[in-house]
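Data first, discussion second: the structure below is written as structure tokens.
Just so we're clear, the structure is a prediction, and the values are computed from it rather than from any experiment. Computation of the quantities below employed the complete heavy-atom set of this structure, encompassing side-chain atoms and omitting hydrogens, waters and symmetry-equivalent molecules.
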Amino acid sequence: MTPATVAIVIATPRGLRHLASPSERAAAGPAEAVLRGLGAAVRHASFWVQCADPAARARLTSYLWDVKAEVLAEVAAG
């Protein structure tokens, strides 16, 4: 079994979601799905990305902030 190289913790109004993936790409999809699944509650969500590669950590963090902003814009648009 391949060990996880990326860990993401998403704090939601209902609790913590822990995601572990073997790659940056594999981590992005499930984390996006969690954020999108929150709908308007994404406003109160926060997340932490842990990864040995600082560039990958920065890309994932930026991507998840963009997803959060997109979900909030969709909620505002109705």
Which atoms form the tightest heavy-atom contact between [X] and [Y], and what is the distance?
X     : Y     : answer
Leu19 : Pro30 : CD1-C, 4.0 Å
His44 : Pro13 : CB-CG, 4.0 Å
Ala31 : Ile10 : O-CD1, 3.9 Å
Cys51 : Ala56 : SG-CB, 3.9 Å
Ser23 : Ala26 : OG-N, 3.1 Å
Pro22 : Thr5  : O-OG1, 2.7 Å

Separation of Leu35 CG from Leu72 CG (nearest 0.5 Å) |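 Going from the CG atom of Leu72 to the CG atom of Leu35 covers 10.0 Å.
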
At what distance, to the nearest 0.5 angstrom, does OG1 of Thr61 lie from CD of Gln50?
-> 10.5 Å

Name all residues meeting the salt bridge (charged side-chain N to carboxylate O under 4.0 Å, His left out) criterion together with Arg36; count only those two or more places apart in sequence or in a different chain, and write none if there are none.
->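 Partners of Arg36 under the salt bridge (charged side-chain N to carboxylate O under 4.0 Å, His left out) test: Glu32, Glu70, Glu74.
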
When hydrophobic residues are tied together by side-chain contacts of less than 4.5 Å, even through go-betweens, does Val9 share a cluster with Leu64?
->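 Unlinked, Val9 and Leu64 end up in two clusters.
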
Look at the side-chain heavy atoms of Ile, Leu, Val, Met, Phe, Trp and Tyr, link any pair under 4.5 Å apart, and say whether Val34 and Trp65 land in one connected group.
->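 The answer is yes; both residues are in one hydrophobic cluster.
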
Val71 side chain reached by Leu38 side chain, heavy atoms, under 4.5 Å | no

Take atom CZ in Arg17; do more than 12 heavy atoms of anything else shown fall under 6.0 Å from it?
-> no

Can you name the residues that form a side-chain contact (heavy atoms from CB on, under 4.5 Å) with Ala40, not counting sequence neighbours?
-> Val75

